Amino acid sequence: MKKFLNNYALIILVLFIIYNLILDELMITGLLYKMIIILIIIVNLIILIIFRRTIKYKTLIIIIYWLIWLFSKDILQCLFAFSNIIILCIIGFIENNFIKIISILIIIYLFIFFLPLYFGLMLTFGINLDEDKYRNDIYPDMHYYCNNNYEAYAYSSGAMDSFHYSIGKYYDILNYNDIIKIVYRERNEKTLEEYTNFINNNNCKLVGGIDESK
């Protein structure tokens, strides 16, 4: 048990990396997902505070979270990573001079770049707590479901970005009345010609039209 507590924060970091970076094509959303992640955030903070003297590798974990928190799948995952950064900085501030330096640098950075970060997060993740940032940039009137569990769509990061096109597999693993939804989706960038040819030759239907008919 002691060994687990020593490595608790590191284990949680590894799980975060697996879900957000390695299993990049798997997405979980829905009310139940939101409730579970919020509960995990609260419980995780409590554990970090209670066992603050036992937990190891605080400095390393802070640095890794800081490097990857913006690569989270959704705003809740982003909040989970950032909450770890904040609480580890707080509990490690007294015991480690390097954490003191990191904490001060983070505060200065956030103070200087708060507004760009805020608008960047809103642009990337939107306002929906579990909205997949890789779905947030899809144009609904150019989004199709096709034969053999394929989907094709156009996407763009905004006014400063050009159109991109993707053709990839899409599976609804679990979908229960928006309470919990688990999907697998691939994003494979293609040319406009490949995108057009694919939707013309694979019995593709506009996603909005399918949703409205349900």
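Numbering starts at 1 and runs along the sequence shown. All figures in this text were calculated on a predicted structure; none of them were measured in a lab.
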Exercise. Cluster question for you: counting only ILVMFWY and a side-chain heavy-atom cut-off of under 4.5 Å, with indirect links fine, are Ile107 and Leu67 together?
Worked result: no

Exercise. Can you find a heavy atom in the side chain of Cys146 that is under 4.5 Å from one in the side chain of Tyr170?
Worked result: no

For this session: Determine whether Lys58 and Asn96 make a side-chain contact, defined as any pair of heavy atoms from C-beta on separated by less than 4.5 Å.
Result: no

For this session: Take atom OH of Tyr184 as the centre, draw a 6.0 Å sphere, and report whether it contains more than 12 heavy atoms from other residues, nucleotides or ligands.
Result: yes

Exercise. Is Leu60 close to Leu13 at the side-chain level, that is, under 4.5 Å between some pair of heavy atoms?
Worked result: no

Problem set entry | Closest heavy-atom pair and its distance - Asn20, Ser72 | OD1-CA, 3.5 Å

Exercise. Does the Thr54 side chain pair with the main chain of Asn6, one donor and one acceptor, at a distance under 3.5 Å?
Worked result: no

Problem set entry | Ile68 side chain reached by Phe16 side chain, heavy atoms, under 4.5 Å | yes

For this session: State, yes or no, whether a side-chain contact exists between Ile75 and Leu79 at a heavy-atom distance under 4.5 Å.
Result: no

Exercise. In terms of heavy-atom contacts, does CG of Leu15 have more than 12 from other residues, nucleotides or ligands at under 6.0 Å?
Worked result: yes

Problem set entry | Side-chain heavy atoms of Asp24 within contact of Phe71, under 4.5 Å | no

For this session: Have a look at Tyr144 and tell me which of Tyr195, Tyr150, Phe198 forms a side-chain contact (heavy atoms from CB on, under 4.5 Å) with it.
Result: Tyr195

Problem set entry | Any donor-acceptor N/O pair, Ser83 side chain to Phe80 backbone, under 3.5 Å | yes

Problem set entry | Whether His143 and Tyr153 hold their rings parallel, tilted or perpendicular, with breakpoints at 30° and 60° | perpendicular

Seminar exercise, completed: Shortest non-hydrogen pair, Ile61 vs Leu10, comes out as CD1-N, 3.4 Å

Exercise. Between the side chain of Lys169 and the main-chain N/O of Asn148, is any donor-acceptor distance below 3.5 Å?
Worked result: yes

For this session: Report, as yes or no, whether the 6.0 Å neighbourhood of atom NZ on Lys100 holds more than 12 heavy atoms from other residues, nucleotides or ligands.
Result: yes

Problem set entry | Taking every non-hydrogen atom, the tightest pair across Ser103 and Cys89 | OG-CB, 3.2 Å

Exercise. Between Tyr33 and Leu76, is any pair of side-chain heavy atoms under 4.5 Å apart?
Worked result: yes

For this session: For the residue pair Tyr118 and Phe114, categorise the inter-ring angle as parallel (less than 30°), tilted (30 to 60°) or perpendicular (more than 60°).
Result: parallel

Problem set entry | Lys/Arg N to Asp/Glu carboxylate O, Glu95 vs Arg52, below 4.0 Å | no

For this session: Output, in order, the C-alpha distance, side-chain angles, deciding distance and verdict of side chain to side chain contact (heavy atoms under 4.5 Å, CB included) for Asn84 and Trp69.
Result: CA-CA 10 Å; Asn84 275 277; Trp69 69 287; over 6 Å; no

Problem set entry | Lys73 side chain vs Ile28 backbone, donor-acceptor pair below 3.5 Å | no

Seminar exercise, completed: What one should report as the nearest heavy-atom pair of Ile167 and Glu194 is CD1-O, 3.7 Å

Problem set entry | side chain to side chain contact (heavy atoms under 4.5 Å, CB included) evaluation trace for Tyr155 with Phe163 | CA-CA 6 Å; Tyr155 65 97; Phe163 274 110; over 6 Å; no

Exercise. Tyr8 versus Asn44: any side-chain heavy-atom pair under 4.5 Å?
Worked result: yes

Problem set entry | Heavy atoms of other groups near Phe98 CZ, more than 12 under 6.0 Å | no

For this session: Applying side chain to side chain contact (heavy atoms under 4.5 Å, CB included), run through Ile64 and Ile17 and close with a yes or a no.
Result: CA-CA 10 Å; Ile64 295 176; Ile17 291 172; 4.3 Å; yes

Problem set entry | Distance-minimising heavy-atom pair for Leu206 and Pro140 | CD1-O, 3.7 Å

